[in-house]
Amino acid sequence: MTEHTSRRRFLKAAAATGALAGLNATVLAQEGDASSELILLGGDTPGWKGYRLPGGEAALGTRNPTLTLQEGTTYTLIWENVDGASHNFAIQDDQGNNLEVLEPLSVEQETYQQLNETAPDENVSVAVSDGNLTAVNESDGGMAGGNETGGEMTTTQSLVAQTEIINQQGAVQAVRFTATPEMAQYICLVHPNTMLGDVELQSGGGGGSGNNSSA
Ligand SMILES: [Cu+2]
């Protein structure tokens with residue numbers, strides 16, 4: 001029984017960090033720092049609103065904030081439809097091509113709100129199980145504990161170049177992606193002139209894994 005439990009815990013942890021998608025085991029070590037890999041935006045016709053930026057930085061509704069990403073790091077981005085207009089999300093290269101890098105995740109509105117209410121310096125992370133994203137408040141007893149969403153999980157979701165359009169005020173959408181050097185901007189394809197922000201890539205350097213063999 002113990003074996004079974006710890007295996008499930010491992011699978012959940014692995015799912016949360018993408019280890020099952022072929023990343024190497026050093027990624028697991030980043031678990032505790034997951035709050036820096038969470039991005040929260042608001043989708044609004046005049047421009048994306050930044051609420052939480054990579055690195056755990058708060059942004060109180062800044063218009064089209066620059067997303068500064070570490071190459072090879074996997075980010076979870078969740079955004080809420082602010083004004084009830086039609087919006088979607090894509091990441092483009094500097095030629096304006098939509099990059100097929102987004103793994104859509106299902107997420108509850110409640111989860112977005114819970115995360116958005118978390119102070120920037122609070123440790124919070126997200127867990128992904130079977131394509132469903134949940135918030136994990138680390139002061140509640142840690143990663144992957146006491147979460148009833150167990151069971152089987154799909155290993156690799158297929159990646160898309162743009163998300164589905166959502167048009168309900170308050171609806172939320174989540175994607176996961178790994179930062180690569182060709183990423184230059186993020187965009188809503190319905191409002192490409194206003195809902196457009198820069199993506200800035202920082203290459204390796206910091207105490208990370210060093211090599212990300214994308215085998
Ligand atoms: Cu839009």
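One-based numbering, in listed order, for ligands and for the atoms of each.
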Which other residues belong to the hydrophobic cluster containing Val190, where Ile, Leu, Val, Met, Phe, Trp and Tyr are joined when side-chain heavy atoms lie under 4.5 Å apart, directly or via other members?
->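 Answer for Val190: Ile165.
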N/O/S atom name from His191 that is nearest to the position of the Cu ion (ligand 1) |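 Distance check against the Cu ion (ligand 1) picks out ND1 in His191.
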Closest approach to the Cu ion (ligand 1) by His87, given as the N, O or S atom name |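 Nearest N/O/S atom: ND1.
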Minimal non-hydrogen separation, Ala161 against Ala90, with atom names =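 Shortest heavy-atom separation between Ala161 and Ala90 comes out as O-CB, 3.5 Å.
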Do the ring planes of Trp48 and Trp79 sit parallel (below 30°), tilted (30 to 60°) or perpendicular (above 60°)?
->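 Aromatic pair Trp48/Trp79 classed perpendicular.
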Between CZ of Arg63 and NZ of Lys49, what distance do you get to the nearest 0.5 Å?
->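 Those atoms lie 5.5 Å apart.
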For the Cu ion (ligand 1), decide whether Ser86 has an N, O or S atom at a distance under 2.8 Å.
->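 Coordinating: no.
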At the Cu ion (ligand 1), what is the angle formed between atom SD of Met195 and atom SG of Cys188, rounded to the nearest 10°?
->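 That angle is 110°.
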